[in-house]
Amino acid sequence: MAESSISNLFFFLLLLVLFCCFSHSEPSRYDQEELQWLDDKDDEVNMLQSRHSSLRNCDFTKGKWVSDQTYPLYSAATCPYLSSAVSCRRNGRPDSDYENFKWVPDSCSIPRFDALDFLGKMRRKRIMLVGDSIMRNQWESLVCLVQSVVPTSRKTVIYNGPTMAFLALDFEMSIEFCWAPMLVELRRGQDGKRILHLDSIEENAKYWRGVDSLVFDSAHWWTHSDRWSSWDYVMEGSNIYTNINPRIAYEKGLTTWAKWIDLNLDPRSTRVFFRTMSPRHNRENGWKCYNQREPLEYFSRVQVPEQSVILRKVLRGMEFPVSVEDITVISALRKDGHPSVYGNIGANNNSSGEKKQLKDRNSDCSHWCLPGVPDTWNEILNAML
């Protein structure tokens with residue numbers, strides 16, 4: 001009995017010694033690799049979180065345009081979704097440097113647009129760009145940035161009323177555009193006159209329901225002048241105005257939009273962005289952007305459009321969190337990026353009297369050649385998403 005007890009005690013002490021030896025030994029090569037892998041993964045997570053934090057805090061409006069020969073990110077010749085009005089090279093524009101610039105902010109870097117990454121992020125989701133023809137300009141840019149990685153048989157464009165949608169079938173996602181230049185309703189009366197309804201929006205807004213990411217723009221059609229106007233008269237309730245300050249009308253229209261967003265959308269399922277006004281270089285009857293070849297480096301004095309001031313005032317009064325994509329200042333540096341006379345096929349003429357011969361053509365200093373400036377807008381939007 002005593003011998004059995006001594007034997008058990010010896011066995012227990014032996015196990016204790018072996019445990020102590022192994023517990024204080026150096027980690028095996030496998031253990032070291034496993035620990036290193038975990039450290040690497042932690043570094044990757046920290047880097048990703050740091051980049052997201054940096055982008056969240058980044059002021060995209062301060063920086064400079066830099067020539068980068070790895071741009072553009074797509075070729076106009078291989079994107080079938082471009083409208084002729086923005087296909088400047090196809091229309092005879094002789095230079096192409098405007099396609100090679102990228103925007104570099106002072107305080108962060110904008111991730112280069114990756115089509116597969118974007119499609120993966122938007123899998124089973126809808127993104128809709130809502131606004132005027134310049135928002136259509138941005139929609140065409142976004143579709144061209146994405147479409148090259150989607151096989152021909154697995155992509156299509158469908159139309160529904162004022163909307164069009166590019167579908168990437170394997171990703172079950174859509175990039176959509178909704179024509180609503182005023183956001184609120186602009187209708188024709190029985191007399192054929194155009195009536196702007198400042199407090200009516202549902203005819204447009206019904207297309208926005210169920211969308212995961214909404215990007216709005218509305219400014220140009222509100223720049224009312226005696227020479228050109230978007231409406232003949234304005235209605236608010238039963239009140240009719242034949243002469244209204246366009247800034248007051250803009251604020252009332254935006255307020256109607258803001259109330260609809262607050263009442264109808266849930267920030268847990270829908271993200272809302274508002275892109276600021278795209279600048280126009282229309283002085284000298286549109287010739288201000290003609291024959292421009294490179295960006296401006298800076299402004300001696302930065303002018304903030306009245307529409308941007310009104311927009312931010314309305315957004316401050318909202319409950320729904322709306323992200324502002326501010327592209328006004330960075331785009332104002334790019335008067336080289338407009339179609340000018342190259343919004344029409346066959347606009348090129350290399351004779352010395354080119355400007356004189358083209359003087360009867362319209363010079364478009366509002367829209368943007370593609371590839372071009374709206375691609376940067378979409379890289380910023382992608383970073384914000």
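All values derive from a computational prediction rather than experimental measurement. Positions are given from 1, in the same order as the sequence printed here.
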[X] [atom1]: over 12 foreign heavy atoms closer than 6.0 Å:
X    : atom1 : result
K259 : NZ    : no
E236 : CD    : yes
E319 : CD    : no

What I want to find out is whether [X] reaches [Y] closely enough, with some N-O distance under 4.0 Å, to be called a salt bridge.
X    : Y    : answer
E140 : R136 : yes
R194 : D232 : yes
K193 : D191 : no
R112 : D114 : no
K62  : D106 : no
K102 : E379 : no

Between [X] (side chain) and [Y] (backbone), is there a donor-acceptor pair under 3.5 Å?
X    : Y    : result
S213 : R271 : no
T328 : M277 : yes
D364 : P339 : no
D68  : N100 : no
K155 : V150 : yes
Y298 : K64  : no
S218 : P181 : yes
D199 : G237 : yes
D117 : G120 : no
S331 : I327 : yes

Ring geometry between F216 and W208 (parallel below 30°, tilted from 30 to 60°, perpendicular above 60°):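 Correct class here is perpendicular.
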Parallel, tilted or perpendicular, as decided by the 30° and 60° cut-offs, for the rings of F177 and W139: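 Tilted, since the angle between the ring planes falls between 30° and 60°.
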Taking the side chain as every heavy atom from C-beta outward, state whether [X] and [Y] have any pair of such atoms under 4.5 Å apart.
X    : Y    : result
M182 : W231 : yes
E185 : N204 : yes
W377 : S141 : no
W260 : L265 : yes
D97  : D336 : no
V143 : V157 : no
R275 : I134 : yes
L333 : F101 : no

Intermediate values then yes/no, side-chain hydrogen bond (donor to acceptor under 3.5 Å, both in side chains), Y74 and D375: CA-CA 10 Å; Y74 59 89; D375 301 331; 2.8 Å; yes
Tell me whether [X] shares a hydrophobic cluster with [Y], the cluster being built from Ile, Leu, Val, Met, Phe, Trp, Tyr side chains joined at under 4.5 Å.
X    : Y    : result
L196 : I240 : no
Y342 : Y98  : no
L119 : L169 : no
I175 : Y207 : yes
L214 : F273 : yes

Minimum heavy-atom distance between [X] and [Y], given as atom pair plus value:
X    : Y    : answer
T255 : E251 : OG1-O, 2.7 Å
H367 : S133 : NE2-OG, 2.6 Å
L370 : A76  : O-CB, 3.9 Å
D262 : M318 : OD2-CA, 3.6 Å
P279 : H338 : O-CE1, 3.9 Å
K125 : D212 : CA-OD2, 3.2 Å

Just by distance, with hydrogens left out, do [X] and [Y] show a side-chain donor and acceptor under 3.5 Å apart?
X    : Y    : result
T276 : D326 : yes
H220 : S278 : no
N91  : R89  : no

Between [atom1] on residue [X] and [atom2] on residue [Y], distance to nearest 0.5 Å:
X    : Y    : atom1 : atom2 : result
I110 : F60  : CD1   : CZ    : 5.5 Å
S308 : K313 : OG    : NZ    : 14.5 Å
D132 : W222 : CG    : CH2   : 12.0 Å

Charged tip of R334 within 45° of W65 ring normal and under 6.0 Å: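 Yes; both conditions hold, so R334 lies above the ring face of W65.
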Ring-face cation contact, F274 with R312, 6.0 Å cut, 45° max: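 Negative - R312 is either too far from the ring of F274 or too far off its axis.
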Pair W368-Q138, side-chain hydrogen bond (donor to acceptor under 3.5 Å, both in side chains): steps then yes or no: CA-CA 9 Å; W368 302 91; Q138 185 175 356; over 6 Å; no
